[in-house]
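Quantities reported herein were computed from a predicted structural model and do not represent experimental measurements. Letters go in sequence order (proteins before strands), and every chain restarts at 1.
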4 protein chains.
Amino acid sequence: MKKNKPKYKQIIEAAVEVIAENGYHASQVSKIAKKAGVADGTIYLYFANKEDILVSLFEEKMGQFIEKITNSINQKQSVSEKLLTLIEMHFRQLAENHHLAIVTQIELRQSNKDLRLKINKVLKPYLATIDLIINEGVEEKIFRNDLNLPLVRQMIFGTLDEIVTNWVMKEQKYDLVKQAPGVHALIINGLSVK
Amino acid sequence: MKKNKPKYKQIIEAAVEVIAENGYHASQVSKIAKKAGVADGTIYLYFANKEDILVSLFEEKMGQFIEKITNSINQKQSVSEKLLTLIEMHFRQLAENHHLAIVTQIELRQSNKDLRLKINKVLKPYLATIDLIINEGVEEKIFRNDLNLPLVRQMIFGTLDEIVTNWVMKEQKYDLVKQAPGVHALIINGLSVK
Amino acid sequence: MKKNKPKYKQIIEAAVEVIAENGYHASQVSKIAKKAGVADGTIYLYFANKEDILVSLFEEKMGQFIEKITNSINQKQSVSEKLLTLIEMHFRQLAENHHLAIVTQIELRQSNKDLRLKINKVLKPYLATIDLIINEGVEEKIFRNDLNLPLVRQMIFGTLDEIVTNWVMKEQKYDLVKQAPGVHALIINGLSVK
Amino acid sequence: MKKNKPKYKQIIEAAVEVIAENGYHASQVSKIAKKAGVADGTIYLYFANKEDILVSLFEEKMGQFIEKITNSINQKQSVSEKLLTLIEMHFRQLAENHHLAIVTQIELRQSNKDLRLKINKVLKPYLATIDLIINEGVEEKIFRNDLNLPLVRQMIFGTLDEIVTNWVMKEQKYDLVKQAPGVHALIINGLSVK
DNA sequence: AATGAATGAGGTTTCATTCAT
DNA sequence: CATGAATGAAACCTCATTCAT
């Protein structure tokens, strides 16, 4: 399995750094190879082409991202706590890895439509996790039962994504994780039974 | 003033069409020139460079976009109606111009960070309009007075933006404007005093 | 018409020289451009791609080659004179242009099958000219009437081609045109009624 | 002696198949190694480099080719029969091995000048055999005594080569061996005393 | 003797921009 | 004002060959 070989991971890490530092368009394969400490050609033993590095990077990092969030949520009892945990973990993981934040919020969006569709696929489990929380809230009669699920999901994801992007664009000058309770309150308010 | 000359507008319109039809990366200056019915070199009599076409396009279209929304809002009395109008107009204008929707939601985001910063500048008056509504709601004690303004603004804009992007990605198969009341309810709920 | 513009011809001439001097595989587009005194990109205003330079080169040169032979033949009365003229002109034209001889006999054959098929198409009028002479000889009862036309054509072309290739491979150290009468005698003998 | 080891022959056979099936330029060393059932590196225990595979292939196959022709000729008495046998055997051996025919007539000619010179060396014994027959014919006063030996040799080889190449290019749709008597008649006629 | 992972040089083509007309 | 022919920099990927195991 190529994904477990050390060079696979080396190249992914190098790609995150190079893209964060140079921007998407100035991130030549040769630059990534140099940072990873391998020959240019070696890249192509592990990845089909340049786009495949980016998709794999996103799969790898997003996989961990989602796994950590899911694990944390599973330790919480109430729907409200679960949502707070999701928001906190979403913010915390990107706050802890500035390079990754730049890559996911800014640089990877400069890719073409095909790559974007692949990225959307990777995001599906995360969106499903959001759906689970919403549905649980509805079942427990904490949230209103007239909620339009896709709409609520898009609101939650859109809000988190916009907040992180703003934070990155403002060069990460403030504490992103501290925003979590405020965002949590807004969302809980929006969804709750009066 | 160059902006009022017919060729300026011709080129902008051609750019919207070409980018919507071919995608950002396949939209060469020569293609835009051809669609606009001018020579390649003529483009550079009206725009400093390719990026300037895109920024101008966004300024021009976003200017109209914001103006229409502001005009409509000014005819409304209540904060709730103003917010609903903003949401409806945001959705309606993009729903009525599929090409523009594709360009703003998908293609223009493939640009580099510099262009993105310029685009953000153009968006400022729109975000200010959102702020005005929020503040009005707080002053009228319809909205809670502990709201974090930037956070709420990012929630509103992020939600609208994500919903439109989803609609474009799903090839605009459903009625976007019909989503407005549901979104309005969610937001009003989230911001209201209990 | 691009084919009549001076740069078109410049590039063709440069390609012949560069390929003859460096060999097919060492003839980069940039080398041809430099020799032609144009920018690399200019090549692509006149030719679709590198292969197109080669096909055009062959069409251009072979067109002239065949035209000169046809013109010369038309001034001759007897079949025997026509055949001698064809052989002499075939040899003379390549003998007078060593670069072209190297390119057609050696370098252009290193191309892939697709290019070879295109080259074969260009050769068709020449082979048709050979056929005409053979048929005339048969009609005038100078040649036997049991001749297998394709076979005879292949014998004549194969013989001339092999002789020229040998001359090129031996670095053109002897007088190719002087071989013409001997070759002519062999062929006439082979085809004549006893 | 490496040439007698089984892997040497395996690799040669694999090369013929791979080149015939994929064409010269798509025949990577790794593909040949895979078809031969050995590791890439193993190739270099038996051959100095890629070109050496091709030269060795040609030597091996041409050696057998010439040996069979020589053996068959030696069983014939008359010059005319010997020539007919040479033509028939030349055609038959390639007709019986389509892969080899493709490789020798088409694919191997896409190689560079150096390889072509080496291939010419391998052909020398065959050309010498042709010379022998011609000289015998002259001595027996069946052929004219004013023949230019190299010219006649080039005529015979060029004719046979062109006929086989045409047959391969036309995808071997007709019976090549049936062409032999016609070709034989043409050549005998061309060389005979009147 | 055999393996196969790793190497790294090298070239075609695109396209934003210029400037002589 | 307008044209459009010409420019030339820049990068992804392949594949013959090596060498540690």
Tell me if a side-chain donor or acceptor on [X] pairs with a main-chain N or O of [Y] at a distance below 3.5 Å.
X      : Y      : result
B:S56  : B:D52  : yes
A:K31  : A:A26  : yes
D:E107 : D:G23  : no
A:T104 : A:L100 : yes

Touch class at under 4.0 angstrom, heavy-atom based, for C:V29 against every strand present = base
- Query: If you look at every strand shown and take non-hydrogen atoms under 4.0 Å, does B:K31 touch a base, only sugar-phosphate, or nothing?
  - Reply: nothing
Next on the checklist: I'd like the 5' and 3' limits of the part of DNA chain E contacted by chain B, with heavy-atom contacts below 4.0 Å.
Outcome noted: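 Range of nucleotides touched by chain B: E:dC15 to E:dT18.
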May I ask you to check whether C:Q172 and C:H98 show a side-chain donor-acceptor distance below 3.5 Å?
yes
Read 5' to 3' with Watson-Crick or G-U pairs under 3.5 Å, [ ] for crossing pairs and | for partners on another strand, DNA chain F gives .||||||||||||||||||||
Are B:E59 and B:K118 within salt-bridge range, i.e. N to O under 4.0 Å?
->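 The answer is no: the pair does not qualify as a salt bridge.
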Salt-bridge present (C:K35, C:E21; N to O < 4.0 Å):
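Result for this pair is yes, salt bridge flagged.
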Determine the sole option in C:I106, C:L54, C:I102 for which the side-chain contact (heavy atoms from CB on, under 4.5 Å) test with C:I19 is passed.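 So, applying the side-chain contact (heavy atoms from CB on, under 4.5 Å) to C:I19 and each of C:I106, C:L54, C:I102, only C:L54 qualifies.
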**Asked** Cation-pi between B:K50 and B:Y24: NZ/CZ under 6.0 Å from ring centre and within 45° of the ring axis?
**Response**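 Because its charged atom sits under 6.0 Å from the ring centre and within 45° of the axis, B:K50 does stack over B:Y24.
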Between F:dC12, F:dT7, F:dG4, spot the one nearest the side chain of C:A39, thanks.
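Nucleotide nearest to C:A39's side chain: F:dT7.
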How many Å lie between OH on A:Y24 and C1' on F:dC12, as a whole number?
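Going from OH in A:Y24 over to C1' in F:dC12 covers 12 Å.
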A:Q105 and B:R116 have their tightest heavy-atom pair at O-NH2, 3.9 Å
**Prompt:** Do any of residues 43-54 of chain C sit with a heavy atom less than 4.0 Å from DNA chain E, and if so which?
**Reply:**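 Under 4.0 Å from DNA chain E: C:Y44, C:N49, C:K50.
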Practice item. Using heavy atoms to find the nearest nucleotide of DNA chain F for A:D40 and B:G37 separately, return the residue whose nucleotide is more 5′. Key: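 Between the two, 5'-proximity favours B:G37.
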Below the 4.0 Å mark, does F:dT3 have OP1 or OP2 next to a side-chain nitrogen or oxygen of B:T42?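 For B:T42, the contact criterion (side-chain N or O under 4.0 Å from OP1 or OP2 of F:dT3) is met.
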Hey, what's the ring geometry for A:F47 with A:Y8, parallel, tilted or perpendicular (30° and 60° as the breaks)?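 A:F47 vs A:Y8 ring planes: parallel.
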